[in-house]
Amino acid sequence: LRTMSIWTTRRPHREVSLRVWPVIVGLALGLALAVPQRSVASPTDPQTVEEVVGAVQGTYKGVNTLRAEFTQTAKNPLTGIEEKVKGRIALARPRKMRLEMGLPVKEAVVTDGNLQYLYSAESKQVIVQKDLGTASGVTELIENLSNLTTMFDAVLAPPATPAKPFHVVTLKPKKAIGFKSLELTLTKQKYQLHELVVVDQADGVTRMNFTMVRTNVEIPDVEFTFKAPAGVTVVNM
């Protein structure tokens with residue numbers, strides 16, 4: 001997170017969005033891979049947060065790769081400025097990811113599981129790190145996703161009126177992890193991540209809506225490497 005601020009000294013309203021990126025990536029990497037390959041049979045619709053969380057945890061091992069598109073909306077609580085951008089994400093176990101924002105790409109986060117590349121076209125920089133978001137606790141989050149309740153206090157939203165085909169679960173970290181809360185909107189039965197809302201420590205709100213989700217598709221390893229464009233400075237941390 002300290003390194004991300006290098007990019008944003010001239011445009012502070014973007015800092016909220018960029019600072020939560022490692023958190024969002026960690027959540028996307030973990031929760032998106034919790035999407036089951038097929039519908040999970042359930043005798044009854046889960047009614048409690050324990051049942052919903054249990055169903056999500058029970059499907060976590062079912063998927064190894066994922067592709068999806070998303071729209072991210074980030075709002076700075078100080079300025080009220082809201083920014084919307086489209087993106088795409090490719091994920092593969094263990095800990096491989098490519099997340100791009102904008103077309104042409106304005107920002108990107110890429111990791112091969114060992115090195116993480118944080119790219120900003122505006123700053124003409126790519127920051128190379130040896131760990132995937134350790135400063136924000138994302139590594140721990142990913143590694144422990146199969147047991148959400150050890151890291152979070154979870155609250156299930158009451159059923160909507162009229163009824164909607166989603167479960168909405170709010171997660172609040174039990175210890176400091178870089179954000180205040182997460183709100184997950186999951187489709188019923190399949191428990192597919194439909195929307196993710198992150199509230200950061202500065203009360204900035206970042207919302208991601210996922211579409212075109214495809215699971216267990218073949219993704220070549222080359223997609224999890226990053227080559228700096230011409231004229232871009234590489235900073236090794």
Side-chain angles (χ1 to χ4, degrees), residues 3-4 7 17-38 56 59-74 84-121 125-134 136 138-146 182 184-187 190-198 206-229 232 234:
T3 60
M4 300 291 278
W7 303 352
S17 174
L18 291 176
R19 278 184 173 177
V20 299
W21 255 49
V23 175
I24 291 174
V25 169
L27 263 293
L29 178 58
L31 288 169
L33 290 183
V35 178
Q37 186 174 5
R38 56 184 180 277
V56 173
T59 63
Y60 178 59
K61 296 181 180 179
V63 172
N64 290 314
T65 66
L66 176 143
R67 285 189 186 277
E69 297 180 5
F70 62 87
T71 299
Q72 176 180 294
T73 304
K84 181 179 291 186
V85 62
K86 293 184 179 295
R88 63 205 65 81
I89 187 167
L91 310 167
R93 282 178 167 171
R95 293 161 54 90
K96 293 181 180 180
M97 165 208 37
R98 187 179 193 96
L99 189 151
E100 299 176 334
M101 306 283 274
L103 188 65
V105 177
K106 295 180 179 179
E107 289 118 20
V109 180
V110 180
T111 178
D112 59 7
N114 296 310
L115 294 177
Q116 177 175 258
Y117 301 84
L118 308 175
Y119 168 66
S120 167
Q125 280 191 345
V126 57
I127 297 173
V128 183
Q129 298 176 321
K130 293 184 179 180
D131 296 300
L132 175 57
T134 53
S136 61
V138 171
T139 299
E140 181 182 1
L141 176 61
I142 295 170
E143 296 300 329
N144 290 279
L145 187 68
S146 61
L182 309 166
L184 312 176
T185 299
L186 304 157
T187 59
K190 291 186 176 183
Y191 306 103
Q192 178 174 307
L193 182 61
H194 174 73
E195 183 178 75
L196 170 66
V197 180
V198 182
T206 300
R207 185 181 304 270
M208 293 180 77
N209 293 94
F210 293 88
T211 60
M212 302 293 291
V213 178
R214 293 176 292 157
T215 59
N216 282 340
V217 294
E218 183 176 352
I219 303 177
D221 285 342
V222 67
E223 291 197 34
F224 303 112
T225 60
F226 185 83
K227 183 178 180 180
V232 171
V234 177

J.: I need the R98 CZ to R67 CZ distance, nearest 0.5 Å.
T.: 10.5 Å

J.: Taking the side chain as every heavy atom from C-beta outward, state whether F70 and E195 have any atom pair closer than 4.5 Å.
T.: no

J.: If I take atom OG1 from residue T111 and atom CG from residue L99, how far apart are they, to the nearest 0.5 angstrom?
T.: 12.0 Å

J.: Tell me, please, which residues at least two apart from E69 pass salt bridge (Lys or Arg N to Asp or Glu O under 4.0 Å).
T.: none

J.: Tell me whether T65 contacts the main-chain N or O of V217 through its side chain, where contact means a donor paired with an acceptor under 3.5 Å.
T.: yes

J.: I need the minimum non-hydrogen distance between F224 and A92, along with the two atoms involved.
T.: CZ-CB, 3.8 Å

J.: Can you give me the closest heavy-atom contact between K96 and G113, atom names plus distance?
T.: CG-N, 4.3 Å

J.: Which heavy atom in A90 sits nearest to a heavy atom in E223, and how many Å separate them?
T.: CB-OE1, 4.1 Å

J.: Measure the CE-CD1 distance between M212 and I89 for me, rounded to the nearest 0.5 Å.
T.: 15.0 Å

J.: Say you draw a straight line from CE of M101 to OH of Y119; how long is it, rounded to the nearest 0.5 Å?
T.: 14.0 Å

J.: L115 versus F226: any side-chain heavy-atom pair under 4.5 Å?
T.: no

J.: Minimum heavy-atom separation for V126 and A228, please, with both atom names.
T.: CG1-CB, 3.9 Å

J.: Please evaluate residues T71 and K84 with respect to the criterion side-chain contact (heavy atoms from CB on, under 4.5 Å), reporting the C-alpha separation (whole Å), side-chain torsions for both, the decisive distance (0.1 Å), and the verdict.
T.: CA-CA 7 Å; T71 299; K84 181 179 291 186; 3.6 Å; yes

J.: Under a 4.5 Å cut-off applied to non-hydrogen side-chain atoms, are V110 and T225 in contact?
T.: no

J.: Is any side-chain heavy atom of N209 closer than 4.5 Å to a side-chain heavy atom of R207?
T.: yes

J.: Can you check whether N64 reaches N216 side chain to side chain, under 4.5 Å on heavy atoms?
T.: yes

J.: Are E100 and R88 within salt-bridge range, i.e. N to O under 4.0 Å?
T.: yes

J.: Nearest 0.5 Å please: distance from the CD atom of E107 over to the CD atom of Q72.
T.: 8.5 Å

J.: If you compare all heavy atoms of I219 against all heavy atoms of L66, which two are closest, and at what distance to 0.1 Å?
T.: CD1-O, 3.7 Å

J.: Apply the test side-chain contact (heavy atoms from CB on, under 4.5 Å) to residues T206 and V197: give CA-CA distance (whole Å), side-chain angles for both, the deciding distance (0.1 Å), then the verdict.
T.: CA-CA 6 Å; T206 300; V197 180; over 6 Å; no

